[in-house]
Amino acid sequence: MSKLAKLFRGIGSFIKGHPFISLLIFIAALIACTGITYELMHYTSSPEFCRKCHPNEGVGPLAEYHTWSNNVHAANGVECIDCHSSSPGAWGYMKAKMGGLYDLFAELFISKEAKLAKLSRFEGNPKESAALVGQNVCLHCHSDKVNIDNRKAHVMSFAGVAMRQIDRVVNPEFRNIFGLRDIITERSSYTSDPNHSLHVVENGALCADCHIKVSHSGSYYSNIDMQTCFDCHEIKRSEGKKPAENDNCVICHATQVSVQAGVAAQSFGVEDVVWEMASNDCMDCHENAFDRPSRESCENCHEEGYAELKDMFQENFDEQLVKADAFWSSHLKDRRQLTRSKREIFNSYEQLLNILKNDGSRGIHNSGYTDKIFEHLAVLEEEFTDGGESVGEGSETPE
Ligand code: HEC
Ligand code: HEC
Ligand code: HEC
Ligand code: HEC
Ligand code: HEC
Ligand code: HEC
Ligand code: HEC
Ligand code: HEC
């Protein structure tokens, strides 16, 4: 008799002789295996694991961990595996894990050149981008309707255990944590929202048409390029549609318009500020859409010395921005643990800060107003530190 047969025989008679103990051992082994599998699944889904084969610094192929780690999604706990699967839910997760096996195979058997070539095909290609990460994945977190539809259509967890964050996302609760809008149904008064519903739902635009490299551009927020708006609009014009004219700055630049008019932060309780230069058109200063007016351009309309005034406004702005940015980033990590009132203050803080950043002129469009917004940020900072009890009670500093 072979050794193996002897072993099986021995096990067989042990089970017969000790059925109860055998059952216990079996259950314990099963639990241990599942535990190991669970841990293994978890570990092989972590950004740290992905980094082992996607380790480069900078931007571009193989630097995905690095770019992700600098991005708004990473800062708010959205991980690789939340975006990189065919769909939310348990099955999407399993499919992603199987795709991972192919990654492993490719790591061992394809050349470095072939790997880089494969990973380069997303460069400036929205269709490839959308094929890799579907809109239903993005919209699971960024819209309520798609979130509900997905949760109806897919089994979201294995026996109640969701393996990753996206499978636990329930909207609108999730959006509310971050003060995010439902991009399909809500327009924003404080960003230059191009009307997502018109583009995405009515005209079939892809997220990546405008937000290419949403997680891998190397910057914190997605870097939208005005030229991509113009390129597609040019094509659509030839198809008989009527998108915004390129010279119609105000239809797209809602943030700059409302900052210049001194009303951008009205809904946050910031006092309006009418600026002497409010009546200037965008194109009085900007020669064309891509022109950033120089310091000398001030002296086209004003006497000498106004170039220095531009520097002064911008330095004053930058100084305040550094402080506000420091407060914001120091609390970013614990935003999920904040009490509701603190969270509301924090989200307002972030949105106001984004108005200041998105405007892009560093105070020039209305320096009196940007100063006012900074003052309001200081008030929010105090309320936040005091525990957030006085939110909404009109504790603005009297002027
Ligand atoms: C063992 C090494 C290895 C690990 C670990 C690894 N990858 Fe990859 N990955 C590769 C290789 C090699 C390729 C290129 C070949 C291919 O398409 O699979 C790749 C390609 C990709 C692609 C592009 C797929 C495509 O269709 O071209 C994505 C997305 C990706 N990996 C994400 C991840 C994520 C997310 C993780 C962590 C959960 C991860 N990878 C972990 C080696 C790895
Ligand atoms: C698991 C949920 C989740 C998924 C999936 C997800 N996001 Fe996000 N997204 C977030 C969170 C959370 C924020 C951060 C909100 C904040 O800090 O204001 C965010 C912020 C953003 C922003 C605003 C910041 C910026 O860059 O301007 C954009 C745009 C965005 N996501 C687009 C996308 C796109 C496109 C996809 C799909 C490729 C996607 N998101 C997938 C949760 C998600
Ligand atoms: C036509 C171009 C375009 C398309 C297509 C598009 N976006 Fe946007 N998106 C923008 C612009 C422009 C902004 C505003 C940026 C700003 O002012 O900060 C924005 C803002 C956002 C924000 C931030 C919202 C907030 O509350 O501040 C999210 C999230 C977002 N987009 C997600 C998506 C997702 C997901 C898709 C695909 C379903 C998508 N976008 C498709 C252009 C687009
Ligand atoms: C917010 C969603 C999101 C997150 C989070 C995310 N990615 Fe991506 N990733 C994308 C999208 C969308 C693309 C398609 C190309 C593009 O637009 O950047 C992509 C492309 C890739 C590619 C293809 C090659 C390339 O460079 O374009 C790899 C590999 C990859 N991601 C790996 C990762 C890894 C590893 C992580 C985590 C460390 C991660 N991604 C986190 C959305 C995401
Ligand atoms: C994929 C193609 C595509 C891209 C990219 C695109 N647009 Fe559009 N845009 C359209 C179409 C189509 C229309 C609608 C024209 C119509 O209804 O006749 C439109 C219309 C508009 C309008 C007019 C809306 C109104 O209410 O009249 C604005 C504003 C606009 N786009 C802003 C933007 C901005 C900002 C970007 C870049 C961030 C952008 N678009 C990128 C296709 C695009
Ligand atoms: C179709 C919509 C649209 C129109 C029309 C438009 N812009 Fe833009 N513009 C954008 C978007 C989107 C961005 C990128 C915003 C961002 O980075 O958040 C941008 C960026 C810019 C930038 C800075 C970045 C760069 O790419 O150089 C300037 C300056 C600018 N616009 C000025 C103008 C002026 C002036 C006009 C009118 C002559 C105008 N724009 C018309 C949508 C538009
Ligand atoms: C009084 C002159 C003036 C007027 C009027 C004006 N701008 Fe500006 N704008 C500037 C200056 C100066 C800058 C900062 C340029 C710099 O320092 O790089 C700027 C910056 C910008 C930027 C940011 C560019 C970047 O680098 O991201 C955008 C976008 C912009 N303006 C759009 C507009 C729009 C849209 C209007 C009309 C609502 C407008 N501007 C009205 C002078 C003006
Ligand atoms: C297209 C012409 C034009 C340009 C370019 C221009 N301004 Fe003005 N500015 C005006 C007008 C008109 C007023 C309001 C009338 C007045 O009080 O002189 C004004 C008012 C002002 C005021 C408040 C009143 C005063 O004269 O002190 C300041 C400050 C100012 N501008 C600074 C600047 C700076 C800095 C720049 C360059 C970034 C600039 N302006 C570029 C036309 C312009």
Side-chain angles (χ1 to χ4, degrees), residues 44-54 61-62 64-65 68 71-73 75-85 88 96-97 99-100 102-110 112 114-116 118-119 121-122 128-135 137-142 164-169 174-175 177-180 183 191-192 194 206-208 210-212 214-215 217 219-230 232-233 243-253 255-256 281-283 285-293 332 335 347 350-351 354 357-358 360-361:
T44 56
S45 301
S46 69
E48 293 308 323
F49 182 71
C50 311
R51 183 187 202 175
K52 294 196 189 309
C53 300
H54 298 270
L62 295 181
E64 293 86 7
Y65 175 91
W68 165 82
N71 179 249
V72 61
H73 286 97
N76 290 289
V78 180
E79 301 189 340
C80 320
I81 201 80
D82 292 316
C83 286
H84 285 292
S85 77
K97 298 309 292 179
Y102 179 74
D103 271 18
L104 186 63
F105 166 82
E107 182 70 23
L108 295 172
F109 296 108
I110 71 174
K112 188 149 196 237
K115 194 159 84 181
L116 282 176
K118 205 164 177 207
L119 294 178
R121 73 182 193 278
F122 304 96
E128 286 283 0
S129 172
L132 187 65
V133 181
Q135 317 245 111
V137 171
C138 310
L139 288 170
H140 190 75
C141 295
H142 290 297
R164 51 180 180 166
Q165 148 145 262
I166 191 172
D167 298 340
R168 291 188 291 271
V169 169
F174 179 81
R175 285 193 298 100
I177 296 175
F178 305 99
L180 281 166
I183 59 158
T191 69
S192 294
L206 304 168
C207 309
C210 301
H211 298 286
I212 188 93
V214 69
S215 173
S217 72
S219 54
Y220 188 81
Y221 287 118
S222 60
N223 48 350
I224 293 178
D225 179 2
M226 180 161 54
Q227 191 60 51
T228 60
C229 316
F230 290 174
C232 182
H233 286 175
E245 289 299 328
N246 294 359
D247 280 355
N248 190 350
C249 321
V250 298
I251 196 173
C252 296
H253 284 281
T255 305
Q256 287 80 5
D281 286 335
C282 314
M283 292 190 76
C285 298
H286 294 265
E287 284 176 20
N288 58 58
F290 292 97
D291 174 43
R292 290 184 175 80
L332 197 56
R335 80 192 292 178
N347 288 342
E350 183 179 78
Q351 284 157 2
N354 283 344
K357 291 179 187 168
N358 289 340
S361 74

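Atoms within a ligand are numbered from 1 in the order they appear, just like the ligands themselves. Everything quoted here is computed from the prediction, not taken from an experiment.
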Heavy-atom nearest neighbour in the protein, as seen from atom 14 (C) of ligand 2, with distance rounded to 0.1 Å: N76 ND2, 3.5 Å
Atom 33 (C) of ligand 1 touched by protein (heavy atom, under 4.0 Å): yes
Rounded to 10 degrees, the angle NE2 of H142 makes with NE2 of H73 at atom 8 (Fe) of ligand 2: 180°
Mode of R121 contact toward ligand 1 - side chain, backbone, both, neither (heavy atoms, under 4.0 Å): side chain
Proximity of L119 to ligand 1 by residue part, where a heavy atom lies under 4.0 Å: side chain
Taking atom 36 (C) of ligand 2 as the reference point, the nearest protein heavy atom with its distance: C138 SG, 2.9 Å
Min heavy-atom dist K118 to ligand 1 below 4.0 Å: yes
Protein heavy atom at shortest distance from atom 26 (O) of ligand 2: S222 N, 2.8 Å
Atom 16 (C) of ligand 2 [closest protein heavy-atom partner, distance rounded to 0.1 Å]: E350 OE1, 3.5 Å
Identity and separation of the nearest protein heavy atom to atom 24 (C) of ligand 2: Y221 CD2, 3.3 Å
Which segment of E107 sits under 4.0 Å of ligand 1 when only heavy atoms are counted: both
Proximity of E245 to ligand 6 by residue part, where a heavy atom lies under 4.0 Å: backbone
Under 4.0 Å to a heavy atom of C207 - the qualifying atoms of ligand 2, by number: 35 (C)
Of the listed options C83, C141, S85, A130, closest to atom 43 (C) of ligand 2 (non-hydrogen atoms): C141
Y102 N/O under 3.5 Å from ligand 1 N/O: no
